[in-house]
Amino acid sequence: MLRMSVAAEEYLMIGDDIRLVFLGGTGKHMRIMIDAPKDVNIVRSTVLEKQFTDPEIREKLPRYYAQEEHPEKYKKRSKVVITRGNVSEVR
């Protein structure tokens, strides 16, 4: 799974003909625009889950589970070293 931060009005291309445009948002809500061909079926997860009442079918539906941030020890850190007025970055 790919996780990234995006700014308002940035977009992602999926294949050659599907574009996800991030329009911005507030708090926990994000507004997106999906530009896709008419033959591509786009369904919101809550609608999909309500459509199926059989527990076996609902169990097979794709799910997203929020993942915690990586611990600090896995994040890249850069160090800035200042020597006699010269600034250099050490990775």
Side-chain angles (χ1 to χ4, degrees):
M1 177 173 295
L2 174 64
R3 181 178 182 164
M4 64 177 63
S5 298
V6 294
E9 298 186 14
E10 280 189 318
Y11 64 90
L12 296 176
M13 291 298 297
I14 300 174
D16 293 331
D17 55 357
I18 299 174
R19 179 173 38 180
L20 297 175
V21 182
F22 298 90
L23 301 174
T26 58
K28 294 183 178 182
H29 300 281
M30 173 63 73
R31 292 179 298 132
I32 63 170
M33 179 177 67
I34 304 170
D35 183 14
K38 288 183 179 183
D39 62 332
V40 175
N41 188 20
I42 301 171
V43 181
R44 191 176 181 144
S45 63
T46 54
V47 174
L48 189 62
E49 290 170 1
K50 288 178 184 177
Q51 184 177 3
F52 298 105
T53 56
D54 184 8
E56 291 180 9
I57 295 174
R58 290 184 80 168
E59 193 66 32
K60 294 178 182 178
L61 292 175
R63 300 212 184 275
Y64 169 74
Y65 297 100
Q67 296 178 351
E68 294 181 18
E69 290 286 330
H70 291 296
E72 281 295 318
K73 66 180 183 178
Y74 295 117
K75 292 183 179 180
K76 287 186 177 179
R77 287 184 231 149
S78 60
K79 297 179 183 178
V80 175
V81 178
I82 301 175
T83 55
R84 296 186 186 175
N86 297 323
V87 177
S88 60
E89 187 175 341
V90 179
R91 292 187 184 250

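In this structure, Ala36 and Ile42 approach most closely via the heavy-atom pair CB-CD1, 4.0 Å. Counting all heavy atoms, side chain and backbone alike, Arg58 lies closest to Phe52 at CD-O, 2.9 Å.
A distance of 11.0 Å separates OH in Tyr11 from CE in Met33, rounded to the nearest 0.5 Å.
Ile34 and Val40 fall within the same hydrophobic cluster, where Ile, Leu, Val, Met, Phe, Trp and Tyr residues are linked whenever their side-chain heavy atoms come under 4.5 Å apart, directly or through other members. Residues Met13 and Ile32 fall into different hydrophobic clusters, defined by Ile, Leu, Val, Met, Phe, Trp and Tyr side chains chained together at heavy-atom separations under 4.5 Å.
For Ile14, the side chain to side chain contact (heavy atoms under 4.5 Å, CB included) partners are Ile18, Leu20, not counting sequence neighbours. With sequence neighbours left out, the side chain to side chain contact (heavy atoms under 4.5 Å, CB included) criterion links Glu10 to Val6, Ala7.
Note on residues 35-54: pairs passing salt bridge (Lys or Arg N to Asp or Glu O under 4.0 Å), not counting sequence neighbours, are Arg19-Asp35, Glu49-Arg63.
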